Amino acid sequence: MIMAHKRHGSNHHEMELASGKLHLFANEEVFQSFGVKVYEMANNNLQIPRNQYMSYTPDAHVGIGTCIGTTAVWNMKDGCVSPSIVGSDIGCGMRVHTTPLHKRDIQDKEIRRALIAAIEKYVPTNERTNTNYEDIDVMSVVQNGLKGLPAKYVPDEQWLSHVEQSNFAYDHSYLKNLPPKIMKYARGQLGTLGSGNHFIEIQYLEIQAEYADLAAKWGLFDGQVVVMIHSGSRSWGGMVGREHNKVIKEAMNHWGVSNPDPNLIYAPITSQEGQTYLNLMYSALNFAVSNRHMIAFGVREAFQELFGADMEMPVLYDLMHNYALKEFHRNQPMLVHRKGATRALPPGHFLNTQVYKETGHPALIPGSMGTSSYIMVGKDEGLKNFYSICHGAGRARSRKATKELVTVDQFEQSLKVGTEDEILVNHRSLETILDECPQAYKDVDQIIDSVVGASLAAVVARCKPMAAIKG
Ligand code: 5GP
Ligand code: MN
Ligand code: MN
């Protein structure tokens, strides 16, 4: 399968596979852990015509059609778009809000339990709908992103400017391709978390000494309490994917295009099918960013209930890890797919949001409910990977294998249950979320070491979990 293997400096591997070139960013330990399946998937993905670049970040692991942890780039002119390399939860991403609180202000477990209860009141954590926001027009949100939200849900302008993108413009007439029942499911889902690995986590920061100045510029301080949110486009994005994947699959049959993996689907960007997918994908990105905004709005209500109505909770940043974005690189417009990969732009890069143009933006990387998560910043050298870094630790084993391997006792130990520093969880029984234990994921410190060693990004702060809310 691997025909040649070149190393470029630290942690950057270039692998020649039968169908093309794969770049891989990993330290020695992570590199050795990759099984043959991830290379097979890359080899299938590299058969998509006219690929310009494909890589894995160190959190890469097997997904449907394409590994999670893939960055793949095509030219806008004659390239392809692949829903398999966007992922099923279109627009899934991360968001962090800061608070003025210090770790010691919420060290008391009773306070943290009260916070969890208050958050659950405002943010339904399971499949239930959120009845608090019945005045939101879902159609306006999928068309206009954050600009489609009623003004009363936008605490201040900062909530619109500190995001990777607040709205995605597209041709709304493509929405007629979606089945009418999509509205029935989507209504009431804004501001809901969803199940599985989606979470709201209360964390405190440990600032890296070398980046203290940058942290201060971003409004961060040592010991600061922050809230990290992970969610996506709920059933809106799910349905866009399911409905439209069928259409592309039929078109591929019609065109006589085949791939060893029937789950890997793609279309030329300029084809009718490609254009329809891209336009509908934008509607899901609008839903996703608005969903995280509304979750954060609920979290703020909960904090204000406990700490006073004047407590501010500014957005640090909101960014996505499942999308295909048109970006200008190497003097031409490219379609950059990131499936389980995070953009980390360096200081001064023109693609940065205005507020982060000078410093580069915070790249938000979750770990697990029992380990550190990270706030990073991109480096100029990230250009070699189209400024993509990891999107988390990445799953190390399936849900089933995790349940077989890890005991509830071990899970409790990793959450320091019974100690002062216990990481509190909303679920009464850990058994029900055993497949989400830290042991289900790769060692996040190794993943971050891989990224830092490859000079793709640097660590600004570690985020230590204090309370986790899972769907
Ligand atoms: P994905 O987007 O692939 O569903 O998951 C992103 C990443 O989130 C995972 O690879 C994992 O590292 C991280 N993650 C999953 N659950 C939790 C959690 O409860 N807390 C934190 N901090 N990270 C998590
Ligand atoms: Mn998701
Ligand atoms: Mn995700």
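Start at 1 and go down the list; that is how both ligands and their atoms are numbered. On a predicted model such as this, the values are computed, not experimentally measured, just so you know.
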Assess the pair H321 and H230: is the distance between their ring centroids shorter than 6.0 Å? yes

Nearest protein heavy atom to atom 7 (C) of ligand 1, by residue and atom, and its distance? P366 CG, 3.8 Å

Which pair of non-hydrogen atoms, one from Y387 and one from K379, has the smallest distance, and what is that distance? CE2-O, 3.9 Å

Donor-acceptor contact present, side-chain Q158 to main-chain V315, <3.5 Å: yes

Show which atoms of ligand 1 fall inside a sub-4.0 Å distance from at least one heavy-atom site of S373. 22 (N)

If you round to the nearest 0.5 Å, how far is CG of D318 from OG1 of T353? 10.0 Å

Does A468 have a heavy atom less than 4.0 Å from any atom of ligand 1? no

Can you sort out which atoms of ligand 1 are near H321, meaning under 4.0 Å from one of its heavy atoms? 2 (O)

Any G340 heavy atom less than 4.0 Å to ligand 1: no

Are more than 12 heavy atoms from other residues, nucleotides or ligands located less than 6.0 Å from atom CD1 of I64? no

Min N/O separation G392 to ligand 1 under 3.5 Å: no

Taking H349's backbone N and O only, do any of them form a donor-acceptor pair with N352's side chain (distance below 3.5 Å, no angle check)? yes

Polar side-chain atom of N27 near backbone of V30 as donor-acceptor pair, under 3.5 Å: yes

Hydrogens and angles aside, do H198 and D89 bring a side-chain donor and acceptor to less than 3.5 Å of each other? yes

Please report whether the ring centroid of H162 lies less than 6.0 Å from that of Y356. yes

Please list the nearest protein heavy atom to atom 16 (N) of ligand 1 with its residue and the distance rounded to 0.1 Å. K470 NZ, 2.9 Å

Is any N or O atom of F199, backbone or side chain, closer than 3.5 Å to an N or O atom of ligand 1? no

Can you report which non-hydrogen protein atom sits closest to atom 10 (O) of ligand 1, along with the distance? G394 N, 2.9 Å

If hydrogens are left out, which of H61, M228, H230, H198 has an atom nearest to atom 5 (O) of ligand 1, that is, the closest non-hydrogen atom? H230

What protein heavy atom lies closest to atom 9 (C) of ligand 1? Include the residue and the distance to one decimal. Y441 CE2, 3.5 Å

For atom 14 (N) of ligand 1, grab the closest protein heavy atom and report residue, atom and distance to one decimal in Å. G367 O, 3.6 Å

Regarding R300 and the six-membered ring of F297, is the cationic atom NZ or CZ under 6.0 Å from the ring centre and inside 45° of its axis? yes

Taking the Mn ion (ligand 3) as the reference point, name the nearest N/O/S atom of H230. NE2

Between Y317 and R95, is any side-chain donor less than 3.5 angstrom from a side-chain acceptor? no

Is any N, O or S atom of H198 under 2.8 Å away from the Mn ion (ligand 3)? no

Residue selection (non-hydrogen contact nearest atom 20 (N) of ligand 1) among K442, M94, E201: E201

The Mn ion (ligand 3) to nearest N/O/S of H391 less than 2.8 Å: no

Return yes when atom CD of E28 has more than 12 non-hydrogen atoms of other residues, nucleotides or ligands closer than 6.0 Å, and no otherwise. yes

How far is atom 4 (O) of ligand 1 from its nearest protein heavy atom, and which residue and atom name does that atom have? N197 ND2, 2.6 Å

Just to confirm my output: which protein heavy-atom neighbour is closest to atom 1 (P) of ligand 1, and how far is it? H391 NE2, 3.4 Å

If I take the Mn ion (ligand 2) as the centre, what angle separates the SG atom of C92 from the OD2 atom of D89? Nearest 10 degrees is fine. 100°

